[in-house]
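Report on the structure given below.
Throughout, a chain's letter reflects where its sequence line sits, starting with A, and its residues are numbered from 1.
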Amino acid sequence: MIKMKIKHSLTIVLIAVGINLVFAETMQGPGLGHAATIDEVAKWNISVFPDGEGLPEGRGSVSEGEVVYNTQCVGCHAQGGIGSAVGDQLAGAQMELTSDYPEKTIGKYWPYATTVFDVIRRSMPMTTPGSLTDNDAYAVTAYLLYLNNLIDVNAVIDKSSLPKVKMPNEDGFVKVYEVKETNK
Amino acid sequence: MTDTKHNKEFEYVAGNGLLDRRLFLKRGIQFGTITALASTVTQLLQAETETAFNSARPPWMTQPGKPFSLYGKPSEFEDDVVRFPTQNESVLGNGVSWSPLHLMEGTITPNGLHFERHHNGIPQIDPAKHKLLIHGMVKQDLFFRMEDLYRYPMQSKICFIECGGNSNAGWNSSPSRSEAGYFNGMASNSEWTGVPLKVLLAEAGLKSSAKWLIAEGADAFNMQMSIPIEKAMDDAFLAIYQNGEKIRPEQGYPLRLIVPGWEGVLNVKWLRRLMITDRPVMARNETSRYTELQPDGKARQFTFFIEAKSLITSPSANMLLKQPGLYQITGLAWSGRGKIKKVDISADDGKTWAEAELQQPVLDRAFTRFRLPWQWNGKKTVIKSRAMDETGYVQPERTELIKKRGKHGFYHYNAITNWQIDEDGYVSHVYDKNENQTLSDNSIDSSWD
């Protein structure tokens, strides 16, 4: 009984001192989350990391990718990936990043090849997003890497070869947030 | 009217007619009329107006008014106060719509006028069929249905959201000719209410390896962004309400991540998945886009903070000052690093400055309204505003910003905006006078990325 009383008055003091602080530190939810199974998570999680984590099974070649591109992508991104008023330029850069007309194509600007696969699988084609099979996504990724002179015309792209593609601008990024926060 | 005469009437605080902000409190002060060029009143309407003014009972007092409505709309006489969409010509849900900042007052953006940026349209989500997954470096992967989230403790915060690509026409070699909001209006300010993210993360149980979270939306673009975990544990929250009502579909209904003060793209709409990791995913929108290419060929990445910025919203581009006289200069200032400390205004192209009145209360990482009276003498001049936030950071002039960042950064343009007023009272956007405005560099279009 006495114990409880003490506890009680302590709480009141704390609340009086800084209600927001106390609330923020101890705020707890009603605990209504539902456990997700490994299978459910695997189905939802399609994020692909630079080291290849998240890449699915499957494979695709440059020539298979050319077919996918010319049926599903060319309308917006144009022949050879040079872009249009509708879709971004993906390849065919003539100008360097330091020029007055920098072209931020996959080959010139993108730091990781895995990002190409990730964005194509999750967002493209704009009219029917999510409709590509993993094989088609690998293939069209291969074709775009080829158009950017990053892989050979005979290359096959899969979960082990994609993270190994050397991207010329991998070191071209300065992480502003990390630098600032760790050096302060 | 000569300047000496003005001096007898008013107390000047800086060059070319800037007046003491306390002037507002004085009685009998009349401000001049500023009109939008597009809405000049015609002769016919003027006659009708005269009739209404002269009758003791105007028409709306001679018959019963309209009955109640289920959901109120603005007056039909305000139908020009609208967003301005610029979208992809064939993917219609890809683009932005600009908030008409130049047609609004105060600090809160009405929900229907909040700016939009969608990559592939606005999903129409049934909240009964929407759930959030939290998984990865947590002790227990969890789903939360909307009906669950409605029962969590909530908090509110009034804060701005600004797209990293806002004002990007400022990088162009010639000044944008759009109205202030249709060039700077990818910024809006709302009261957001929802569940603190740390409450949900605590429930899932963060592992010590957790450093980042990847937030993903349930739109057709299925957008994802990486965010440092300390922001999640600090003040990020999952908004359910905007200005008192459920978030609008175009703002992320039924669930939106809010990361106060950080660039818009991180405030992921239609939130459906939070993956806890030890590193960023390097998504397309944090590598190919929303990174800032510098003159040396390197790009700034993870430039989360919105730096201090201000903008005079009236008078501003394409408005008309009908005659010389007393005007109210008003505008908005904001900073992603905290409160606005002061806003200076110049009416003589930066030669002298005076401190504007800040509308109270000044809130952390929220739109701050500033105002200052000004006596316009009818001569050509340039007016501009300059914000300083509580960290001491001062909004840069455009030439300064470009000297530091080059012209191809595309994002995070926060330079001072100059409005030139010519002898006829017409307001237009100009760059710094000492800048060579005929540079032959690449002119980016006012795009939306």
Side-chain angles (χ1 to χ4, degrees), chain A residues 23-24 27-38 40-41 44-51 53-54 75-76 85-88 96-102 104-106 109-112 114-116 118-119 121-123 126-127 129-130 169 171-181, chain B residues 88-91 94 119-120 131 133-136 140-145 148-149 151-153 195-196 198-200 202-204 214 216 220-224 228 230 272-273 275 277 279 281-284 287-288 291 293-305 407-408 440-442:
Chain A
F23 187 55
M27 187 158 36
Q28 270 187 9
L32 302 173
H34 311 267
T37 66
I38 292 171
E40 284 170 324
V41 170
W44 278 50
N45 177 14
I46 59 161
S47 294
V48 174
F49 290 74
D51 60 7
E53 183 191 315
C76 295
V86 175
D88 295 329
E96 298 303 320
L97 295 177
T98 46
S99 79
D100 247 356
Y101 302 84
K104 301 197 277 182
T105 56
I106 292 169
Y109 195 61
W110 292 42
Y112 307 105
T114 48
T115 310
V116 183
D118 179 281
V119 72
R121 183 171 62 156
R122 72 170 54 241
S123 313
M126 289 289 261
T127 37
N169 198 39
D171 298 325
F173 292 80
V174 183
K175 294 177 181 62
V176 173
Y177 179 82
E178 277 191 0
V179 170
K180 201 168 289 166
E181 297 308 303
Chain B
N88 194 310
E89 62 189 48
S90 73
V91 189
N94 178 252
H119 291 262
N120 200 358
K131 55 185 183 176
L133 172 63
I134 297 183
H135 73 101
Q140 175 67 61
D141 298 338
L142 291 174
F143 278 116
F144 295 89
R145 300 192 200 115
D148 302 326
L149 293 174
R151 291 171 55 191
Y152 276 68
V195 183
K198 61 184 161 208
V199 171
L200 301 182
E203 187 173 330
I214 294 143
E216 186 186 81
F221 207 74
N222 198 197
M223 214 186 72
Q224 61 172 359
E230 57 262 29
R272 78 161 205 156
R273 189 166 70 93
M275 180 182 188
T277 70
R279 62 208 191 287
V281 70
M282 297 298 178
R284 177 258 185 175
T287 54
S288 160
T291 50
L293 182 59
Q294 305 296 293
D296 65 356
K298 298 272 187 227
R300 290 156 54 83
Q301 188 184 28
F302 303 129
T303 49
F304 299 137
F305 286 92
K407 282 188 152 193
H408 302 296
S440 63
D441 66 345
N442 183 18

Please evaluate residues A:Ser47 and B:Arg273 with respect to the criterion side-chain hydrogen bond (donor to acceptor under 3.5 Å, both in side chains), reporting the C-alpha separation (whole Å), side-chain torsions for both, the decisive distance (0.1 Å), and the verdict. CA-CA 11 Å; A:Ser47 294; B:Arg273 189 166 70 93; 2.6 Å; yes

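Nearest heavy-atom pair, A:Thr98 versus B:Pro295, reported as atom, atom and distance to 0.1 Å: CG2-O, 3.6 Å. A:Tyr109 approaches B:Thr291 most closely through the heavy-atom pair OH-OG1, 2.7 Å. Contact record, B:Asp141 with A:Val41: OD2-CG2, 3.5 Å, taken as the closest heavy-atom pair. Closest approach of B:Leu133 and A:Ala36 over heavy atoms only: CD1-CB, 3.7 Å.
Within the 3.5 Å criterion, the main-chain N or O of A:Gly172 finds no donor-acceptor partner in the side chain of B:Gln301. Between the B:Glu203 side chain and the A:Gly29 main chain, no donor and acceptor come within less than 3.5 Å of each other. Judged by distance alone, the side chain of B:Asn88 and the main-chain N or O of A:Val86 form a donor-acceptor pair under 3.5 Å.
Proximity of B:Asn120 to A:Pro129: side-chain heavy atoms (C-beta onward) are separated by under 4.5 Å at one or more points. For the pair A:Asp100/B:His408, a side-chain contact is recorded, criterion being any heavy-atom separation below 4.5 Å from C-beta on. Put simply, the side chain of B:Gln224 reaches to within 4.5 Å of the side chain of A:Asp118, judged on heavy atoms. Under the 4.5 Å side-chain criterion, counting only non-hydrogen atoms from C-beta, B:Arg279 is in contact with A:Asp51.
Contacts of A:Ile46 with chain B are made by both backbone and side-chain atoms, with heavy-atom separations under 4.5 Å. Of the atoms belonging to A:Val119, it is side-chain heavy atoms, and not backbone ones, that fall under 4.5 Å from chain B. Both the backbone and the side chain of A:Phe173 come within contact range of chain B, judged by heavy atoms closer than 4.5 Å. Using a 4.5 Å cut-off between heavy atoms, A:Val116 makes no contact with chain B at all.
Taking A:Gly87, A:Gly75, A:Ser99, A:Gly31 one by one and counting their heavy-atom pairs under 4.5 Å with chain B, the maximum is reached by A:Gly31. Of all the listed residues (B:Glu216, B:Gln140, B:Arg272), the one sharing the greatest number of non-hydrogen pairs under 4.5 Å with chain A is B:Arg272. Options A:Glu53, A:Glu96, A:Lys104 differ in how many heavy-atom pairs under 4.5 Å they form with chain B, and the most are formed by A:Glu53.
Crowding of B:Arg151 atom CZ: a count of heavy atoms from other residues, nucleotides or ligands under 6.0 Å not exceeding 12.
Between B:Phe305 and A:Tyr177, the ring-plane angle classifies as parallel under the 30° and 60° cut-offs.
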